[in-house]
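Take a look at the structure set out below.
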Amino acid sequence: FSFFLFCFVLFCFALPWQCFRALCCKGPPPPRPEYDLVCIGLSGSGKTSLLSQLCSESPENIVSTTGFSIKAVPFQNAILNVKELGGADNIRKYWSRYYQGSQGVIFVLDSASSEDDLETARNELHSALQHPQLCTLPFLILANHQDKPAARSVQEV
């Protein structure tokens with residue numbers, strides 16, 4: 001009995017809790033860091049399709065986002081909480097209300113769009129780059145729809 005009491009005292013008081021836990025059980029893995037991103041771009045640029053693909057969801061039945069949606073995109077070492085904002089004319093003026101707390105920006109651009117839409121996208125991108133809550137954050141500019149015949153190259157965009 002005294003041997004068992006000695007072992008109990010040793011495990012409870014002499015060894016740190018982490019060592020005891022490592023010896024006895026595996027325990028849950030450490031939590032993955034989470035990052036909050038905002039995903040913006042004109043309507044039809046492919047924001048929803050991109051996030052659906054990253055989340056391994058079916059590409060069928062994708063509809064344009066009206067307002068916003070939030071998706072958690074899991075990766076091996078991190079989780080990206082992506083706030084996707086609708087890109088319609090009447091919604092873009094509200095984008096800045098959703099910027100707070102963002103740690104990065106994904107700007108999706110339709111590389112096969114018309115010159116007018118490309119100019120509108122350029123203006124929206126410049127506006128986002130100058131916004132006080134985004135100007136210091138990392139930006140990913142994704143030239144989407146590269147598989148379309150009318151797609152512009154990266155240099156042209």
Side-chain angles (χ1 to χ4, degrees), residues 16-18 20-22 24-157:
W17 177 247
Q18 290 82 8
F20 172 72
R21 193 174 160 146
C24 293
C25 56
K26 190 171 183 168
R32 292 181 281 182
E34 295 190 26
Y35 301 97
D36 295 328
L37 305 178
V38 64
C39 182
I40 55 178
L42 300 187
S43 188
S45 61
K47 301 178 299 294
T48 306
S49 297
L50 168 69
L51 293 177
S52 294
Q53 187 78 15
L54 289 173
C55 291
S56 300
E57 296 175 353
S58 172
E60 297 183 22
N61 303 325
I62 292 178
V63 295
S64 288
T65 303
T66 54
F68 74 96
S69 71
I70 299 175
K71 286 196 185 273
V73 182
F75 288 96
Q76 184 176 356
N77 296 323
I79 297 173
L80 303 180
N81 297 312
V82 182
K83 213 180 314 178
E84 176 199 355
L85 307 181
D89 291 342
N90 60 343
I91 296 174
R92 290 196 303 263
K93 59 186 171 189
Y94 299 109
W95 280 359
S96 62
R97 295 182 183 193
Y98 296 92
Y99 291 164
Q100 188 171 358
S102 295
Q103 296 170 288
V105 181
I106 303 170
F107 188 91
V108 182
L109 168 69
D110 180 357
S111 63
S113 64
S114 68
E115 282 296 324
D116 288 343
D117 284 345
L118 195 60
E119 183 63 28
T120 302
R122 184 180 297 116
N123 292 336
E124 293 294 345
L125 175 60
H126 284 252
S127 177
L129 286 166
Q130 294 171 359
H131 193 278
Q133 291 178 319
L134 301 182
C135 64
T136 60
L137 300 180
F139 267 75
L140 167 67
I141 302 170
L142 179 72
N144 202 14
H145 299 146
Q146 287 292 303
D147 56 331
K148 292 185 177 178
R152 293 171 183 79
S153 68
V154 174
Q155 292 80 13
E156 291 173 306
V157 171

*Sort and list the pairs that fulfil side-chain hydrogen bond (donor to acceptor under 3.5 Å, both in side chains) and have at least one residue in residues 123-144, not counting sequence neighbours.*
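Sorted result for residues 123-144: Arg92-Glu124.
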*Tell me the side-chain hydrogen bond (donor to acceptor under 3.5 Å, both in side chains) pairs involving residues 94-105, sequence neighbours left out?*
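Output for this query is empty, none listed.
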*Which residues share a side-chain contact (heavy atoms from CB on, under 4.5 Å) with Gln53, sequence neighbours left out*: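 So Gln53 forms no side-chain contact (heavy atoms from CB on, under 4.5 Å) with any residue.
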_Test of understanding: with side-chain contact (heavy atoms from CB on, under 4.5 Å), list the residues that count as partners of Ala72, not counting sequence neighbours._
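So Ala72 forms a side-chain contact (heavy atoms from CB on, under 4.5 Å) with Ile79, Asn81.
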Taking all non-hydrogen atoms of both residues into account, name the closest pair between [X] and [Y] and its distance.
X: Val82; Y: Cys39; result: CG1-CB, 3.7 Å
X: Ala88; Y: Ser43; result: N-CB, 3.9 Å
X: Leu134; Y: Phe139; result: O-CE1, 3.5 Å
X: Leu137; Y: Gly104; result: CD1-N, 3.9 Å

Set of side chain to side chain donor-acceptor pair (under 3.5 Å) partners for [X], sequence neighbours left out:
X: Asp117; result: none
X: Glu115; result: Arg152
X: Gln146; result: Ser111

*asked:* Surrounding CG of Asp147 (heavy atoms of other residues, nucleotides or ligands, distance under 6.0 Å), is the total greater than 12?
replied: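 It does: Asp147 CG has more than 12 such atoms within range.
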Can you list the residues that meet the salt bridge (charged side-chain N to carboxylate O under 4.0 Å, His left out) rule with [X], with sequence neighbours excluded?
X: Glu60; answer: none
X: Lys148; answer: none
X: Glu119; answer: Arg122

*asked:* Test your reading of the model: is there a side-chain donor-acceptor pair from Lys47 to the backbone of Val108, 3.5 Å cut-off?
replied: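 Between the backbone of Val108 and the side chain of Lys47 there is no qualifying donor-acceptor contact (under 3.5 Å).
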*Side-chain contact test, heavy atoms from C-beta onward, threshold under 4.5 Å: evaluate it for Val73 versus Cys55 and give yes or no.*
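Val73 vs Cys55: side chains touch.
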*Do Asp110 and Leu42 touch side chain to side chain, with heavy atoms closer than 4.5 Å?*
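Contact flag for Asp110/Leu42 side chains = no.
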*asked:* Can you pull out every salt bridge (Lys or Arg N to Asp or Glu O under 4.0 Å) where at least one residue sits in residues 29-43? Sequence neighbours excluded, please.
replied: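 Those involving residues 29-43 do not exist here.
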*asked:* Quick test of your reading: applying salt bridge (Lys or Arg N to Asp or Glu O under 4.0 Å), list the pairs with at least one residue in residues 69-84, sequence neighbours left out, ordered by first then second residue.
replied: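 Every salt bridge (Lys or Arg N to Asp or Glu O under 4.0 Å) pair that includes a residue of residues 69-84, provided the two are not neighbours, is Glu57-Lys71.
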*Using the side-chain contact (heavy atoms from CB on, under 4.5 Å) rule, take Leu50 and Ile106 through it: C-alpha gap first, then chi angles, then the decisive distance, then the call.*
CA-CA 10 Å; Leu50 168 69; Ile106 303 170; 4.3 Å; yes
*First locate atom OG1 of Thr65, then atom CG of Leu51, and finally report the distance between them rounded to the nearest 0.5 Å.*
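Atom-to-atom, Thr65:OG1 and Leu51:CG are 8.0 Å apart.
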